[in-house]
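Read the structure below first, then the notes.
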Amino acid sequence: MQLIKEQIQTWLTEHYEEGTELLQRLVQSPSISKNEAKAQSIITEVLSNMGLKVDAWEPCGKELTESPYFCSSRDDFTGSPNVVGVLPGTGGGRSIILNGHIDVVPEGDHEQWTDVPYSGAIKEGKMYGRGVTDMKGGLVSFLLALQAILQLDIKLRGDVIFQSVIEEESGGTGTLSAILKGYKADAALITEPTNMRVFPKQQGSMWFRIFVKGRSAHGGTRYEGVSAFDKAMVLAEQIRALEFKRNQLINDPLYEQTPIPIPINIGVVSGGNWPSSVPDLLKIEGRMGVAPNEKIEAAQHEMEECLQQLSVLDPWFKENPPVLEWFGARWLPGEIDLEHDLMNTLVHQYRETTGEEPVIEASPWGTDGGLLTEVGEIPTVVFGPGTTEMAHFPDEYIELDKVFKSAEIIALTIIQWCSIKDNI
């Protein structure tokens, strides 16, 4: 194994410029939802050049849209393909899925970016651009690992299934479609931006919408009305109390470094229709975190009970209860046994490659790992080179050396997991 390790290190060093250029091409191909095709064509080109069996399709059909796990805001994915490349093993080894998403979140206010958001600019060992850390850098780590294995003529016993999926940022339609299409394996690895920490557990989350009622009146006699804004403030405090209560119950050591393991975030507030009128309706939209070992339905029930208790705090809510809706994106929680062999393999190769102990934590956000674990019944670990703190931020960047170091760790993990003729 030492010889193989040295060969992979050498190969990655020799192909540093090539790998960097590939990442730059992907970053310079904007791939927000409904605009993934160009970036996916680059992925298809790379997989085809490697000689992998490529399968590209646009998710569709009743099996997908009528699945209880389907939660996208759209049901037409024309022009938004999934891309899968399969490297068949020689037989007798364990299979693995390498899963990553090609979609990126919108770039936001361009004034907050130093360069244009899709520049792919390189400065002091970092590449900048929307999606570079979340998670095109991780996808390139996968591709480099596979290229090294193939070009070094390392024959794996188990199959490797590379997946570049759409819609992760909107709830996981791409990964769900791949599961329903029959892509399964003995384990899976996702290269979300963990900053090279190992995440055996992933928080789930879901979006909610709440309508808060008031009673309109002229602004000059606002005391004759009931402000929906004021009532929403009471509701917000109740939600904060629920967040505190839920997080007090989290005693998992993997969340020790996370101030709020399962947050409830209010992200959108809108209402009112005239500056001189008391607002009679307010709409709140937000995100509710779900613990790795918690059911989505249980978390929803807690929110519903929380809102029902508002009438005890304020008589207004007895006759005017808030209306709660669950809508849009939803990410299932997931976890893997800390002693699962994929965990042990990844941790071992991390130690061997870096000479350090990996940081093992629980994910502070949702990933497609919940779908793979819960729906696909595929044990999944999240590990990648991107910087967690840069995901969705302006001036998003990734440290290029970490892309290549992750590729080395991933390549050696694949080899040990799938095994080769020497039973390494």
Side-chain angles (χ1 to χ4, degrees), residues 22 25-27 29-67 69-88 95-105 131 134-143 146 159-185 187-192 329-332 334 366-378 380 382 384:
L22 171 58
R25 284 180 66 199
L26 285 172
V27 172
S29 300
S31 53
I32 60 173
S33 182
K34 301 182 183 180
N35 191 40
E36 305 93 340
K38 183 178 178 182
Q40 289 290 55
S41 70
I42 296 172
I43 297 290
T44 299
E45 173 193 326
V46 173
L47 295 174
S48 298
N49 289 341
M50 281 195 279
L52 270 61
K53 179 181 178 182
V54 180
D55 182 12
W57 76 96
E58 295 165 350
C60 63
K62 286 187 176 182
E63 185 183 16
L64 174 68
T65 57
E66 294 181 1
S67 167
Y69 304 103
F70 178 79
C71 60
S72 178
S73 60
R74 61 173 172 146
D75 55 14
D76 182 1
F77 299 95
T78 302
S80 298
N82 267 353
V83 177
V84 170
V86 179
L87 174 62
S95 58
I96 190 167
I97 285 174
L98 308 178
N99 175 282
H101 64 87
I102 197 68
D103 58 307
V104 304
V105 298
D134 188 15
M135 58 172 290
K136 291 177 179 178
L139 282 169
V140 169
S141 289
F142 276 156
L143 293 170
L146 286 175
D159 298 342
V160 180
I161 303 168
F162 170 88
Q163 300 178 341
S164 178
V165 300
I166 63 168
E167 290 285 294
E168 188 276 342
E169 298 288 3
S170 301
T173 294
T175 292
L176 177 60
S177 179
I179 292 169
L180 295 176
K181 208 166 191 283
Y183 284 107
K184 300 287 184 73
L189 193 60
I190 299 179
T191 48
E192 287 281 8
R330 181 176 66 247
W331 291 266
L332 292 179
T367 76
D368 278 352
L371 282 168
L372 288 168
T373 303
E374 299 301 316
V375 182
E377 298 182 340
I378 304 165
T380 302
V382 182

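Side chains included, hydrogens not; waters and symmetry mates left out as well; all remaining heavy atoms used.
- The salt bridge (Lys or Arg N to Asp or Glu O under 4.0 Å) search around E58 returns none, not counting sequence neighbours.
- Of the possible polar contacts, one joining the T191 side chain to the G138 backbone as a donor-acceptor pair under 3.5 Å is found.
- When side chains are defined from C-beta on, E45 counts as touching R25, because their heavy atoms get closer than 4.5 Å.
- Under the salt bridge (Lys or Arg N to Asp or Glu O under 4.0 Å) criterion, K53 pairs with no residue at all, not counting sequence neighbours.
- Across T367 and W331, no two heavy atoms sit closer than the pair O-CD1, 3.9 Å.
- With sequence neighbours left out, the salt bridge (Lys or Arg N to Asp or Glu O under 4.0 Å) criterion links E192 to no other residue.
- Taking CG of L332 as the start and CZ of R330 as the end, the distance is 6.5 Å to the nearest 0.5 Å.
- The minimum heavy-atom distance linking I102 with A39 is given by the pair CG1-CB, 3.7 Å.
- Listed by first and then second residue, the salt bridge (charged side-chain N to carboxylate O under 4.0 Å, His left out) pairs that reach into residues 69-78 are E36-R74, R74-E167, sequence neighbours excluded.
- Taking the side-chain contact (heavy atoms from CB on, under 4.5 Å) definition, one finds that T44 meets it with S48, V54, V83, sequence neighbours left out.
- The shortest side-chain heavy-atom distance between L98 and V160 falls under the 4.5 Å cut-off.
- Using a 4.5 Å heavy-atom cutoff, the side chains of V165 and L176 are not in contact.
- Contacts of K184 classified as side-chain hydrogen bond (donor to acceptor under 3.5 Å, both in side chains), with partners at least two apart in sequence or in another chain: none.
- Taking the six-membered ring where the residue is Trp, W57 and Y183 present parallel rings, their angle staying beneath 30° rather than reaching 60°.
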Test side chain to side chain contact (heavy atoms under 4.5 Å, CB included) on I97 and L189; report intermediate values, then the result.
CA-CA 6 Å; I97 285 174; L189 193 60; over 6 Å; no
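- A distance of 8.5 Å separates CE in M50 from CG in L87, rounded to the nearest 0.5 Å.
- Listed by chain and number, the residues in a side-chain hydrogen bond (donor to acceptor under 3.5 Å, both in side chains) with D134 are H101, H392 (sequence neighbours excluded).
- Partners of S41 according to the side-chain hydrogen bond (donor to acceptor under 3.5 Å, both in side chains) rule, which considers only residues two or more places apart in sequence or in another chain, do not exist here.
- In this structure the side chain of I161 never reaches within 4.5 angstrom of the side chain of I96, judged on heavy atoms.
- Between the OG atom in S29 and the CD1 atom in I43 there is a gap of 9.5 Å [rounded to 0.5 Å].
- Atom CG of L47 is separated from atom CD1 of I42 by 12.0 Å, given to the nearest 0.5 angstrom.
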Assess the residue pair N99 and T175 against the criterion (side-chain hydrogen bond (donor to acceptor under 3.5 Å, both in side chains)); give the C-alpha distance rounded to whole Å, side-chain angles, the decisive distance to 0.1 Å, and a yes or no.
CA-CA 8 Å; N99 175 282; T175 292; 3.2 Å; yes
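- A pairwise comparison of heavy atoms in D368 and G172 identifies OD1-CA, 3.4 Å as the closest pair.
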CA sep, side-chain torsions, deciding dist, call: V84, F162, side chain to side chain contact (heavy atoms under 4.5 Å, CB included):
CA-CA 6 Å; V84 170; F162 170 88; over 6 Å; no
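- A salt bridge does not link K181 with E63: every distance from a Lys NZ or Arg NE/NH1/NH2 to an Asp or Glu carboxylate oxygen is 4.0 Å or more.
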Begin from the C-alpha positions of D103 and N35 and carry the test side chain to side chain contact (heavy atoms under 4.5 Å, CB included) through to its verdict.
CA-CA 8 Å; D103 58 307; N35 191 40; over 6 Å; no
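- When all heavy atoms of A187 and I378 are compared, the closest pair comes out as C-CG2, 3.5 Å.
- Nearest heavy-atom pair, G131 versus V104, reported as atom, atom and distance to 0.1 Å: CA-CG1, 3.5 Å.
- Applying the side-chain contact (heavy atoms from CB on, under 4.5 Å) test to A37 and every residue at least two apart in sequence or in another chain returns P81.
- For the residue pair I166 and S80, the shortest heavy atom distance occurs at CD1-O, 3.1 Å.
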Under the side chain to side chain contact (heavy atoms under 4.5 Å, CB included) rule, what do V86 and D55 come out as? Steps first, then yes or no, please.
CA-CA 8 Å; V86 179; D55 182 12; over 6 Å; no
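- One N or O on the side chain of T373 and one on the backbone of G369 form a donor-acceptor pair closer than 3.5 Å.
- The side-chain contact (heavy atoms from CB on, under 4.5 Å) search around S95 returns D159, A185, D186, not counting sequence neighbours.
- In this structure, E168 has no salt bridge (Lys or Arg N to Asp or Glu O under 4.0 Å) partners at least two apart in sequence or on a different chain.
- Between N82 and S164, the side chains place no donor N or O within less than 3.5 Å of an acceptor N or O (distance only, hydrogens not considered).
- Taking S31 as the reference, K136 meet the side-chain hydrogen bond (donor to acceptor under 3.5 Å, both in side chains) condition, with sequence neighbours excluded.
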